[in-house]
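Data first, discussion second: the structure below is written as structure tokens.
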Amino acid sequence: MPPVRVRFAPSPTGFFHIGSARTALFNWLYARHTGGVFVLRIEDTDKERNSEQFYNLIYDALTWLGLGWDEGPRVGGAHGPYLQSERAGIYREYLEKLKATGRTYEKDGAIYFRLLGERSEVFDEHRQKTVTKVQAAPTVIDDLIRGRVERVEDEDFVIVRSDGNPVFHFVNVVDDITMQISHVIRGEDHLSNTSKHVELFKALGAPVPQFAHIPLILKQNGPGKMSKRDQGALVEEYQKRGYLPEALVNFLALLGWNPGDDREKLPIAEIIRLFDLPGVNQSNARFDDKKLAHMNMVYLLELPADRFMALAKDYFARHPAVPALQDEAYFREVMLLAQPKLKGLEELPAYTAYFFTEDYPIDEKVKAKVLAKGDPKARLAELIAALPAMDFSSDAAVEEGIKALAAKNNLGFGDYQAVARLAVSGTNVGPSITGMFRVLGRDRVGKRLERFLAAV
RNA sequence: GUCCCCAUCGUCUAGCCCGGUCAGGACACCACCCUUUCACGGUGAGAACCGGGGUUCGAAUCCCCGUGGGGACGCCA
């Protein structure tokens, strides 16, 4: 068995699509599972569309997702260069090889690949023109996911444009030969191209790699596959929104693959251990952002405090609309209070805003509701009076304090909780009131309670 | 239009290869429980084998045909 060598070959178009991410992931997983090599190759033959930052977009996205490449740009390797724009000499060399077999011819300045078989002129109604059809033998594709697929390639096709630039089908095959790619794992949209590729491999006398065409990701709403313009289609969007890369990777792995049991949250090492190509589904999968959000929450909940802090800081740094943090220790306390309650990092600023300013809004609907029940003003006054004697050193101590006050007045904890929360945070959504009190501190809590009482 | 791929709850899927368990899990939705708000969590409900033919004692599972969905038909990648 030759060593497993897989490749991910994006073109720098300025977007890193969620479908590309999954193709990269499946390649990476297969390489890691088999102990093989994961090659990154950039298909930048269309020079006008490429720019430096577009390349970086690819590197950044892969790095963020944790999909490191063993050979490719930045890391090098024995089969480079890894940018197609730097491989013109190799393409010329292979074009000569192909020409030597007599399987090419020139027409209108372009170079065509010649199929083997009887020829006839046919009017193609779909394209509204006369084309030369070839009665070629079917090409057999042994696909690791789809099984045996037969397809008849019935028209010669261009391999070098009239401007001298080789086209995708040709460079793709030449690169896979020279980079000794053993398994081509790519989207099912390439299945129809594969017969062209197989014929080229054969004509060049090269071994045909194993193919594995993975199902496509369909857009959430409406028909068709997910495209760059669809909501949630870009990896960088999740990065910006503070999604955890390991959550996105886990979610993506489950789109078209499963561990064979009911587990869904799987450590990447476990996914690597279990992943295999025959286990990949054959049918397309619809993208579900709700499920991704849920996966993200599960990961967020289990995140160690230090890692969460780092992510929170990073998120705040990238969203300067929220108050700057002066006191690191205080910031940390606030963040840790919020962590177990969040669905995603992007909720963080709104969820914690009132910890960082005295100018927080009061939710009028909540206010109306809270003030309508019992005698909240009296509760507030009692709480304010009890504050100086209360112990703020821990959540439990605060809880004791409020409970003692409630007991004294023959009331329950809840009689104080609702109105105190409203006064201190302006809303009825948030961390435990005891944690809020502790972190805000006696002075701030006292001022907020008094100010609120005075205003109602 | 031609060719290729696919088909289990609304969605992701297990089961299919090696026919025979109330067709299992998760997300979403609903109800209840927990509760110090909001979440988390727990329990429960509703929810699927695309249709038709075969093969068979027996079909989600094997075969064929329809239908539906997706993709490809560029001197784009």
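Below, chains carry the letters A, B, ... as their sequence lines are ordered, and counting in each starts from 1.
Taking 4.5 Å as the limit, some side-chain heavy atom of A:Leu277 sits within range of a side-chain heavy atom of A:Tyr30.
Nucleotide B:C38: unpaired (no Watson-Crick or G-U wobble partner with both distances less than 3.5 Å). When Watson-Crick and G-U wobble pairs are counted only if both distances are under 3.5 Å, B:C27 pairs with B:G10. Across all strands shown, B:A72 pairs with B:U2; the Watson-Crick or G-U wobble distances both stay below 3.5 Å. When both distances must be under 3.5 Å, the Watson-Crick or G-U wobble mate of B:C18 does not exist. In this structure, B:A47 makes no Watson-Crick or G-U wobble pair, since no nucleotide meets both defining distances under 3.5 angstrom.
Taking the C1' atoms as reference points, B:C32 lies 49 Å from B:U55, given to the whole Å. Rounded to whole Å, the C1' atom of B:U21 lies 15 Å from the corresponding atom of B:A59. Comparing B:G10 with B:G46, their C1' atoms are spaced 12 Å from each other, to the whole Å. A gap of 22 Å separates the P atoms of B:C65 and B:G70, to the nearest Å. B:G15 and B:U61 have their C1' atoms separated by 8 Å, given to the nearest Å. Across B:C22 and B:G68, the matching P atoms stand 35 Å from one another, rounded to whole Å. Spacing between B:C5 and B:C27 at atom P, rounded to whole Å, works out to 35 Å. Nucleotides B:U56 and B:G19 place their P atoms 15 Å apart, quoted to the nearest Å.
Contact check, A:Asn281 against B:U13: a side-chain N or O comes under 4.0 Å of OP1 or OP2. Distances shown here put a side-chain N or O of A:Arg161 below 4.0 Å from the OP1 or OP2 atom of B:A77.
In this structure, the CG atom of A:Asp289 is 13 Å from the C1' atom of B:C12, given to the nearest Å. Remark: P of B:U11 and CE of A:Met226 are 16 Å apart, rounded to the nearest angstrom. We find that CG of A:Leu144 is positioned 15 Å from C1' of B:C17, with the value rounded to whole Å. In this structure, CD of A:Glu399 is placed 12 Å from P of B:U35, rounded to the nearest angstrom. We find that CD of A:Gln220 is positioned 10 Å from P of B:C12, with the value rounded to whole Å. Distance CG (A:Leu255) to P (B:U13): 6 Å, rounded to an integer number of Å. For the pair A:Leu254 CG and B:U11 C1', the computed distance is 13 Å after rounding to whole Å. With rounding to whole Å, A:Asp154 atom CG is found 13 Å from B:C4 atom C1'.
When each of B:U36, B:A7, B:A77 is scored by its nearest atom to the side-chain atoms of A:Ser283, the top-ranked nucleotide is B:A7. Distance from the side chain of A:Glu264 is smallest to B:A26 among B:C6, B:C76, B:A26.
Nucleic acid contact for A:Gly187: none, since no nucleic acid atom lies under 4.0 Å from a heavy atom of the residue. Using a 4.0 Å heavy-atom criterion, one finds that A:His169 contacts the bases of the nucleic acid, with or without backbone contacts as well.
When each of A:Thr178, A:Asp175, A:Asn165 is checked for a side chain to side chain donor-acceptor pair (under 3.5 Å) with A:Tyr91, only A:Asp175 meets the rule.
One N or O on the side chain of A:Tyr238 and one on the backbone of A:Gly232 form a donor-acceptor pair closer than 3.5 Å. Put simply, the side chain of A:Asp363 gets close to the backbone of A:Val366: a donor and an acceptor are under 3.5 Å apart. In terms of modelled atom types and a separation under 3.5 Å, the side chain of A:Glu347 and the main chain of A:Lys343 share a donor-acceptor contact. Put simply, the side chain of A:Asp230 never gets that close to the backbone of A:Gln220: no donor and acceptor are under 3.5 Å apart.
Side-chain atoms of A:Thr139 and A:Glu199 form a donor-acceptor pair, as typed in the model, at a separation below 3.5 Å. With 3.5 Å as the limit, one finds a donor-acceptor pair spanning the side chains of A:His169 and A:His197. Checked by atom type, the side-chain pair A:Arg7/A:His183 shows no donor-acceptor distance below 3.5 Å.
In this structure, the separation between CG on A:Leu67 and CH2 on A:Trp69 is 9.5 Å, given to the nearest 0.5 Å.
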B/S/- contact track for nucleotides 62-74 of chain B, protein heavy atom under 4.0 Å: --------BBSBS
Heavy-atom protein contacts under 4.0 Å, nucleotides 37-44 of chain B, coded B base, S sugar-phosphate only, - none: BBBS----
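In this structure, B:C40 is classed as syn because its glycosidic torsion stays within 90° of zero.
Between A:Phe26 and A:Phe8, the ring center distance fails the sub-6.0 Å criterion.
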